[in-house]
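Have a look at the structure below before the remarks.
For the numbers below, each heavy atom of this structure counts, side chains included, while hydrogens, waters and symmetry mates do not. Counting begins at 1 with the first residue of the sequence. What you see is a predicted model, and the numbers here were worked out from it, not measured in a lab.
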Amino acid sequence: MQVSQINYIFLDYDGTIIKNAEDEFLKNYFDLLSKRLNMSFEETLNLVMSSVQDAVTDPNNSANLFEKFGNAISRRSGKLKEHWIDKFLEFYNTDFDQLQQITQPNKELIDVVNKTNKSLIFASNPLFPRIATYKRIQFSGLYPEMFYYIAHMENSTYAKPNPLFFKEIIEKLKLHPAECVMIGDSDFDKACEKVGIKFIHVSEEEKWREIF
């Protein structure tokens with residue numbers, strides 16, 4: 001891989017743009033969400049996570065993840081999809097903002113992100129809707145406008161570690177894998193290699209600094 005060829009940098013979020021592990025974020029997320037929904041922590045966790053799993057394993061490629069999730073949680077709960085959309089939007093417009101308090105930005109990475117002239121692609125697993133994804137970017141001290149493309153539930157059909165997540169992005173943006181690199185912290189991110197995108201672990205600081 002020649003650094004001069006790299007024009008597009010795909011970035012993971014949990015454990016990459018921010019130092020928090022995904023498990024830490026989700027624990028705080030479900031604590032707040034369960035209170036907003038007036039449900040127990042375990043009931044909320046089980047309902048949402050099983051519905052997310054239904055969505056990411058749904059083979060229907062004509063529906064986005066947000067639509068698949070809405071159908072799944074409606075089916076599992078016996079309540080209308082519209083009920084859940086209203087509840088989640090209410091949560092994302094209110095209590096969700098409290099999660100900024102626990103966010104630990106990866107300052108070294110964010111510093112080079114702020115200075116680069118490369119095109120940035122937000123490639124966190126698209127398991128949050130647009131409103132929440134944009135807020136998470138802001139929690140880290142970055143801005144949605146800095147990104148060439150941002151993956152979220154409404155514009156994604158697949159989720160990591162399915163390599164079709166990456167394939168969908170490069171086809172949508174008409175990119176060549178050789179011009180792209182993915183920076184992340186897990187095997188989910190490394191699935192990019194199955195479509196020809198080079199993977200760099202966030203711990204390999206010298207490598208990603210050279211890319212930027």
Side-chain angles (χ1 to χ4, degrees), residues 1-18 22 52-70 106 109-110 112-138 140 142-212:
M1 176 188 67
Q2 294 183 9
V3 173
S4 60
Q5 293 180 333
I6 301 301
N7 296 314
Y8 300 91
I9 301 176
F10 289 58
L11 290 165
D12 180 46
Y13 186 78
D14 298 287
T16 304
I17 290 176
I18 66 170
E22 188 173 11
V52 166
Q53 184 63 22
D54 288 348
V56 300
T57 56
D58 185 340
N60 178 12
N61 59 11
S62 64
N64 64 46
L65 288 174
F66 192 63
E67 294 167 333
K68 293 178 184 180
F69 173 77
N106 183 342
L109 179 59
I110 286 173
V112 294
V113 166
N114 275 315
K115 296 174 182 176
T116 191
N117 59 1
K118 306 283 188 179
S119 296
L120 304 171
I121 293 174
F122 188 80
S124 182
N125 223 358
L127 303 181
F128 291 92
R130 181 183 185 275
I131 181 176
T133 302
Y134 278 41
K135 284 192 172 189
R136 296 188 83 200
I137 291 171
Q138 293 168 330
S140 72
L142 299 175
Y143 300 93
E145 297 76 21
M146 299 170 66
F147 290 86
Y148 183 69
Y149 181 83
I150 297 172
H152 50 73
M153 286 185 102
E154 288 96 327
N155 66 7
S156 301
T157 312
Y158 310 99
K160 296 184 287 189
N162 189 337
L164 291 176
F165 165 74
F166 297 100
K167 187 171 187 286
E168 183 173 42
I169 294 174
I170 60 176
E171 289 184 348
K172 186 181 296 185
L173 302 180
K174 297 180 171 58
L175 309 181
H176 192 284
E179 0 171 48
C180 306
V181 67
M182 172 75 200
I183 300 173
D185 70 316
S186 73
D187 287 342
F188 276 37
D189 304 316
K190 198 173 182 180
C192 67
E193 293 185 334
K194 294 181 179 178
V195 298
I197 297 174
K198 171 74 176 176
F199 171 73
I200 295 177
H201 196 280
V202 68
S203 64
E204 299 177 293
E205 186 170 340
E206 285 188 15
K207 289 185 179 180
W208 54 252
R209 282 190 180 278
E210 186 180 6
I211 293 293
F212 278 104

side-chain contact (heavy atoms from CB on, under 4.5 Å) between Asn155 and Lys172, worked out: CA-CA 10 Å; Asn155 66 7; Lys172 186 181 296 185; 4.0 Å; yes
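- The 12-atom threshold is not exceeded at CZ of Phe188, counting heavy atoms of other residues, nucleotides or ligands nearer than 6.0 Å.
- Of the inter-residue distances, the one linking Ile17 atom CD1 with Asp185 atom CG reads 11.0 Å to the nearest 0.5 angstrom.
- Rounding to the nearest 0.5 Å gives a distance of 12.5 Å between CZ of Arg136 and CG of Leu142.
- The backbone N or O of Lys68 sits nowhere less than 3.5 Å from a side-chain atom of Asp54 that would complete a donor-acceptor pair.
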With side-chain contact (heavy atoms from CB on, under 4.5 Å) as the criterion, how do Tyr13 and Thr133 come out once you've worked through the C-alpha distance, each side chain's angles and the decisive distance to 0.1 Å? CA-CA 10 Å; Tyr13 186 78; Thr133 302; over 6 Å; no
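- No option in Ile183, Leu120, Ile170 other than Ile170 meets the side chain to side chain contact (heavy atoms under 4.5 Å, CB included) test with Phe10.
- For the pair Lys160 (side chain) and Ala191 (backbone), a donor-acceptor distance under 3.5 Å is absent.
- Checking side-chain atoms of Lys194 against main-chain N and O of Phe166 turns up no donor-acceptor pair under 3.5 Å.
- The minimum heavy-atom distance linking Ala63 with Glu67 is given by the pair CA-OE1, 3.2 Å.
- Put simply, the side chain of Ser156 gets close to the backbone of His152: a donor and an acceptor are under 3.5 Å apart.
- The CG atom of Asp58 sits 11.0 Å away from the CG atom of Asn64 when rounded to the nearest 0.5 Å.
- The backbone N or O of Ile6 lies less than 3.5 Å from no partner atom in the side chain of Lys198, so there is not a single donor-acceptor pair.
- Of the inter-residue distances, the one linking His176 atom NE2 with Ile197 atom CD1 reads 11.0 Å to the nearest 0.5 angstrom.
- Ser124 approaches Asp14 most closely through the heavy-atom pair OG-OD2, 4.4 Å.
- Counting heavy-atom neighbours within 6.0 Å of Lys135 NZ, excluding the residue itself, gives a total above 12.
- Nearest heavy-atom pair across Tyr148 and Ser119 is CB-CB, 4.0 Å.
- Between the Asn125 side chain and the Ala159 main chain, no donor and acceptor come within less than 3.5 Å of each other.
- Atom CD1 of Ile137 sits about 11.5 Å away from atom CD1 of Ile18, to the nearest 0.5 Å.
- Formation of a donor-acceptor pair under 3.5 Å by the Asn114 side chain with backbone atoms of Ile110 is found in this model.
- Atoms NZ and OG1, on Lys167 and Thr157 in that order, are 11.5 Å from each other to the nearest 0.5 Å.
- Of all heavy-atom pairs spanning Tyr158 and Asn162, the tightest one is CD2-ND2, 3.8 Å.
- When Ile121, Asp12, Ile200, Thr16 are each tested for a side chain to side chain contact (heavy atoms under 4.5 Å, CB included) with Met182, only one passes: Asp12.
- Side-chain contact check for Ile211 versus Val112: every heavy-atom pair is 4.5 Å or farther apart.
- The nearest pair of heavy atoms linking Ala55 to Phe69 is CB-N, 3.7 Å.
- Looking at Tyr8, its side chain never comes within 3.5 Å of a backbone N or O of Leu175 through a donor-acceptor pair.
- A donor-acceptor pair under 3.5 Å is absent between the side-chain atoms of Glu179 and the main chain of Asn7, judged by distance alone.
- Scanning both residues, Asp189 and Gly184, for their nearest heavy atoms gives OD2-CA, 3.4 Å.
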